[in-house]
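Here the structure comes first, spelled out in structure tokens, and everything after it is commentary.
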Amino acid sequence: MRVTRKTTAAAASAAVLSLLLTGCGIGSAESFEPSVRSHEQVTVFTWWASGVEKRGLDKLAEVFEEQHPGIEFVNDGLMGGGGSSTSKDHLQSRLETQDPPDVFVAHAGAELHDYIRDEYIQDLTPLYEEFGLKEAFPQDLIERLSTDDGKIYSVPSNIHRANLLWVNPSVLERNGLETSGEYDDLDDFIADLETLKQAGIEAPLSVGTTWPQVHLLETTLLADLGPTAYSGLWSGSTAWSDLRVTTALGHYESLMSYTNPDRNDLEWDAASEMVIQGDSAFNIMGDWALAAYDTEGKTYGEDYEAVPAPGTAGTFDFLADSFTMSAHILDEDSAKAWLQTVSSKEGQVEFNKIKGSIPARTDIDASKFSEYQKTAITSFGEDTIVSSVTHGAAVPVAQLSVITDAVRAFNDGSTDIATFQAALAASADA
Ligand code: GAL
């Protein structure tokens, strides 16, 4: 599949002509004036700007340059794991000052609401027809991508699983514990954390900075509420005052007491590294962590395990990295070419093999992927699917930011469980 491209000069002239015809001046959305480029390129914003995260993006760029020689890929991203506030705030200011990247990654689902409302991104429904994507992606994903009026504003590059426990079996074995890392509930898990702590391991459960702490809360809520009541927290059908929430917050407090004291200074991949090195036995993180284990040459099933987070077997906590096309850009055809690569079979295979996620397309042979990824492909097909809150699938950015503040305050010791629960309840009004 190839995309026909306009020349940059023609695009620039068209933009200038349209400005002359409309007589607009700078300062309103209608008056946006894209900067003129000397050659064809696509500027791509992601938060996969360094470390293991960057390897998948580099591979995708390589496929792009093979599929579309003549268009230059420009890495226009910024580090900020999980799309944390560092990278999201930077992106937001670029959108507000009308200096958008041509395409940017966001999470499929509620996170896109504000970008759509503010008209920062374009309706890509016609691309779905042109590239045959409604048939290539599973129906459930198409529904999660579609707005109430049936439009789709992004193209997913992958599907990640958030509810995973990463395990160092040697640490468990040395301490006389069962090594699979499979726990039916949080109480059993906490009992093993206590055993490890008693044995002198300072942080049996590693965790990173704020968003990984929110991520840990998400899997704790999922374990104690189950998939239906967990999803109800975001749709409004489960009350935040529910006693199961109180239980989950108690478990969360307990889990946090087994984590590393320097957590606020660690990125997620440094927390993964603590498990890889055997300083911790466990870490709860999405399957982008696979890239960290791969890079260190670790073998799944021997050096580490990746199993459903305690109490969440049978549920797939879903998120998808999904590329959007900014409004008011100079060369939409170059952006379209990028989205074509993202959605292509080759793009999805090569990118996901490195990224740790599974392809969003269903017409790709599972044998191309690692042993862990095969388990994710099976689970995505069979399990109950819920939306990740930390990674933009379940709630809009404003609500996540209130939840994040509540988590920060609780983990700093400024609030107790009752205040924490009330603050989470208030997030629904954001
Ligand atoms: C998630 C994102 C993943 C990965 C991770 C860590 O939000 O969807 O692709 O980048 O954050 O940064």
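Both ligands and their constituent atoms are indexed starting at 1 by order of listing. Every value quoted in this text rests on a predicted model; they were computed, and no experiment measured them.
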- Message: For the 3.5 Å polar cut-off, considering only N or O atoms, please tell me whether Trp211 and ligand 1 meet it.
- Response: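 In this structure, Trp211 places no N or O atom under 3.5 Å from an N or O of ligand 1.
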- Message: Any nitrogen or oxygen of Trp288, side chain or backbone, less than 3.5 Å from one on ligand 1?
- Response: no
- Contacts of Asp123 that satisfy salt bridge (charged side-chain N to carboxylate O under 4.0 Å, His left out) - sequence neighbours left out: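 Partners of Asp123 by the salt bridge (charged side-chain N to carboxylate O under 4.0 Å, His left out) criterion come out as none, since no residue qualifies.
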- Does a salt bridge link Glu130 with Lys336, judged by any charged N lying under 4.0 Å from a carboxylate O?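 Salt bridge between Glu130 and Lys336, a charged N being under 4.0 Å from a carboxylate O: yes.
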Please list, in number order, the atoms of ligand 1 under 4.0 Å from a heavy atom of [X].
| X | result |
| --- | --- |
| Asp321 | 2 (C), 3 (C), 8 (O), 9 (O) |
| His160 | 3 (C), 9 (O) |
| Trp268 | 6 (C), 12 (O) |
| Lys355 | 3 (C), 4 (C), 9 (O), 10 (O) |

- Please tell me if the side chains of Phe318 and Arg161 come closer than 4.5 Å, counting only heavy atoms from C-beta onward.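 Contact flag for Phe318/Arg161 side chains = no.
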- Query: With a 4.5 Å heavy-atom cut-off, do Pro156 and Phe137 have their side chains touching?
  - Reply: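 Touching, per the 4.5 Å side-chain cut-off.
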- Query: Can you tell which of Glu53, Glu111, His215 gets a heavy atom nearest to atom 12 (O) of ligand 1?
  - Reply: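 Result: the heavy atom closest to atom 12 (O) of ligand 1 is in Glu53.
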- Task: Select one of side chain, backbone, both or neither to describe which atoms of Leu319 lie under 4.0 Å from any atom of ligand 1, heavy atoms only.
- Result: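 It is the side chain that touches ligand 1; the backbone stays farther off.
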- Are the aromatic ring centres of Phe420 and Trp240 under 6.0 angstrom apart? no
- Item | Within residues 221-237 or reaching into it, pairs that qualify as side-chain hydrogen bond (donor to acceptor under 3.5 Å, both in side chains) - sequence neighbours excluded | Asp224-His251, Ser235-Ser237
